Engineer: 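Below you will find the structure I want to go over with you.
Basis for what follows: all heavy atoms, side chains included, without hydrogens, waters or symmetry-related copies. Sequential numbering from 1 along the given sequence is applied to the chain's residues. Small disclaimer: the values here were computed from a predicted structure and weren't measured.
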Amino acid sequence: MTDQNWNFLLRDQLAGHWTRQLRDRLDGLTDDEYFWEPAPDCWNVRPRGTGTAPVQGGQGAMTIDFAMPQPEPPPFTTIAWRLGHVIVGVLAVRNAAHFGRAPTDYQSFEYAPTAAAALAQLDAEYATWQSGVASLGEAGLARPCGEAEGPYAEFPMAALALHINRELIHHLAEVCLLRDLHLHTHQQTGREAS
């Protein structure tokens with residue numbers, strides 16, 4: 001087993017499920033689904049100036065709701081919010097720290113005003129991440145993550161790749177579940193999305 005290509009396996013753990021189980025399930029995502037608030041006081045991505053959360057992060061026409069520290073219990077988050085978190089906090093920030101993407105964070109990112117634009121952002125950041133991990137080769141997986149990962153700076157890049165895989169699978173599964181909930185509570189009953 002010493003000839004195993006761990007870099008390929010780390011990428012394939014996600015890529016093997018990306019199309020069939022995650023990304024294909026997001027095709028056709030509508031703006032109604034994207035912004036749907038299934039519970040009171042959701043955190044969402046909103047037109048600038050319309051949010052009520054303590055912090056509205058982002059540049060441009062749209063902002064994302066959040067607070068530091070996060071309230072207990074945390075507010076329910078929409079598909080738009082969850083995609084924003086994945087695109088920025090999980091992928092774009094790491095792509096900037098490790099793979100040459102322009103620096104970004106929750107405050108400086110331009111959040112998507114439509115579901116289609118969010119999926120395009122997701123695809124671009126995912127492609128950058130997968131390409132970046134591939135560029136590490138086998139030896140690069142063993143090097144420390146560095147300062148960008150704070151208290152995990154000494155962890156190997158392989159640990160970061162595994163963490164990102166878990167985050168993407170976890171959060172995008174939530175998005176898929178919210179799509180299913182929207183379908184079964186709105187479209188099949190003929191009610192309009194709120």
Side-chain angles (χ1 to χ4, degrees), residues 1-29 34 45 57-59 64 66 68 70 74 77 79-112 115-180:
M1 207 64 165
T2 58
D3 293 337
Q4 191 62 259
N5 183 330
W6 294 105
N7 189 291
F8 171 80
L9 290 174
L10 284 173
R11 287 179 289 117
D12 189 58
Q13 179 189 35
L14 187 58
H17 299 287
W18 182 257
T19 301
R20 292 184 317 280
Q21 295 173 325
L22 293 174
R23 187 55 185 83
D24 281 356
R25 293 268 330 266
L26 301 180
D27 281 346
L29 182 69
Y34 181 62
V45 171
Q59 296 294 312
I64 193 167
F66 67 94
M68 294 304 277
Q70 182 173 289
T77 57
I79 289 175
W81 192 96
R82 291 165 198 246
L83 286 177
H85 169 62
V86 167
I87 293 162
V88 180
V90 175
L91 291 170
V93 168
R94 269 37 179 269
N95 286 336
H98 302 288
F99 302 126
R101 184 206 192 282
T104 195
D105 58 24
Y106 286 111
Q107 293 289 9
S108 64
F109 193 79
E110 276 200 43
Y111 294 91
L119 293 178
Q121 289 175 336
L122 176 65
D123 290 342
E125 295 299 339
Y126 171 76
T128 300
W129 174 257
Q130 286 289 78
S131 199
V133 172
S135 74
L136 293 172
E138 292 298 304
L141 290 174
R143 76 169 167 79
C145 293
E147 280 181 30
E149 298 305 323
Y152 307 103
E154 294 304 314
F155 280 51
M157 286 296 290
L160 178 61
L162 287 168
H163 171 69
I164 296 303
N165 288 357
R166 277 191 312 270
E167 285 285 292
L168 290 172
I169 292 165
H170 163 81
H171 289 299
L172 294 177
E174 292 172 335
V175 169
C176 292
L177 179 62
L178 282 172
R179 282 200 83 190
D180 291 344

Engineer: Are the side chain of Q121 and the backbone N or O of E110 linked by a donor-acceptor pair below 3.5 Å?
Structural biologist: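 Checked: pair present.
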Engineer: Determine whether L83 and L29 make a side-chain contact, defined as any pair of heavy atoms from C-beta on separated by less than 4.5 Å.
Structural biologist: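 Side-chain contact under 4.5 Å: yes.
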Engineer: Does some side-chain heavy atom of V175 sit less than 4.5 Å from a side-chain heavy atom of L22?
Structural biologist: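 They are not in contact (no side-chain heavy atoms under 4.5 Å apart), so the answer is no.
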Engineer: For a 4.5 angstrom cut-off between non-hydrogen side-chain atoms, does R23 reach L172?
Structural biologist: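 No, every pair of side-chain atoms sits at 4.5 Å or beyond.
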Engineer: Please confirm whether the backbone N or O of A112 pairs with a side-chain atom of Y34, one donor and one acceptor, at under 3.5 Å?
Structural biologist: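 Yes, because the side chain of Y34 sits within donor-acceptor range (under 3.5 Å) of the backbone of A112.
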Engineer: What residues form a side chain to side chain contact (heavy atoms under 4.5 Å, CB included) with A159, not counting sequence neighbours?
Structural biologist: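 If we apply the side chain to side chain contact (heavy atoms under 4.5 Å, CB included) test to A159, skipping adjacent residues, the hits are F155, P156.
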Engineer: Please name the pair of heavy atoms, one in H98 and one in C145, separated by the smallest distance, quoted to 0.1 Å.
Structural biologist: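 H98 and C145 have their closest heavy atoms at CE1-O, 3.1 Å.
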Engineer: Using the rule given for side-chain contact (heavy atoms from CB on, under 4.5 Å), can you reason through T128 versus L91, listing the C-alpha separation, both sets of side-chain angles and the distance that settles it, and then say yes or no?
Structural biologist: CA-CA 9 Å; T128 300; L91 291 170; over 6 Å; no
Engineer: Which distance, rounded to the nearest 0.5 Å, do you find between the CZ of F99 and the OG of S135?
Structural biologist: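 Answer for the CZ-OG pair, F99 versus S135, is 5.5 Å.
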Engineer: When rounded to the nearest 0.5 angstrom, what is the spacing between SG in C176 and CG in D24?
Structural biologist: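 Answer for the SG-CG pair, C176 versus D24, is 10.0 Å.
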Engineer: Kindly indicate whether the side chain of N95, heavy atoms from C-beta on, has any atom under 4.5 Å from the side chain of T104.
Structural biologist: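 Sidechains of T104 and N95: no contact.
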Engineer: Are more than 12 heavy atoms from other residues, nucleotides or ligands located less than 6.0 Å from atom CD of Q70?
Structural biologist: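 Yes, the 6.0 Å shell around CD holds more than 12 heavy atoms from other groups.
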Engineer: For the pair Y106 and H85, name the ring-plane relationship: parallel under 30°, tilted 30 to 60°, perpendicular over 60°.
Structural biologist: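 Y106 vs H85 ring planes: parallel.
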Engineer: So, N165 side chain and L10 main chain: donor-acceptor pair closer than 3.5 Å or not?
Structural biologist: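 The answer is yes, because a donor-acceptor pair under 3.5 Å joins these two groups.
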Engineer: First locate atom CD of Q107, then atom CD1 of I64, and finally report the distance between them rounded to the nearest 0.5 Å.
Structural biologist: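 Q107 atom CD to I64 atom CD1 measures 10.5 Å (nearest 0.5 Å).
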Engineer: Does D105 offer a backbone N or O that forms a donor-acceptor pair with the side chain of S108 under 3.5 Å?
Structural biologist: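 At least one qualifying donor-acceptor pair exists.
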Engineer: Can you list everything that forms a ring pair (Phe, Tyr, Trp, His ring centres under 6.0 Å) with Y111? Sequence neighbours excluded, please.
Structural biologist: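 With sequence neighbours excluded, Y111 shows a ring pair (Phe, Tyr, Trp, His ring centres under 6.0 Å) to F109, given in chain and number order.
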Engineer: Within this structure, what is the OH-CG distance for the pair Y152 and L160, rounded to the nearest 0.5 Å?
Structural biologist: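 So the gap between those two atoms works out to 11.5 Å.
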Engineer: If you round to the nearest 0.5 Å, how far is CZ of R179 from CG of L26?
Structural biologist: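 Result: 6.5 Å between the selected atoms.
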Engineer: Between R94 and E125, does at least one N-O distance fall below 4.0 Å, as a salt bridge requires?
Structural biologist: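 No.
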Engineer: So T77 and F66, do their side chains get closer than 4.5 Å, heavy atoms only?
Structural biologist: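 They are not in contact (no side-chain heavy atoms under 4.5 Å apart), so the answer is no.
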Engineer: Could you tell me if the side chain of V86 sits less than 4.5 Å from the side chain of L122, heavy atoms only?
Structural biologist: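 In contact.
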Engineer: Measure from the side-chain N and O atoms of E138 to the backbone N and O of N7, and report whether any donor-acceptor pair falls under 3.5 Å.
Structural biologist: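 Looks like yes, one N/O pair under 3.5 Å.
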Engineer: Quick one: pull up CZ in R11 and CD in Q130 and give me the separation to the nearest 0.5 Å.
Structural biologist: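 The distance works out to 7.0 Å.
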Engineer: Donor-acceptor check, side chain of R82 to backbone of E174, threshold 3.5 angstrom: yes or no?
Structural biologist: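 It does not hold such a pair.
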Engineer: Do the side chains of L136 and R143 get nearer than 4.5 Å, heavy atoms only?
Structural biologist: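 Yes - at least one pair of side-chain heavy atoms lies under 4.5 Å apart.
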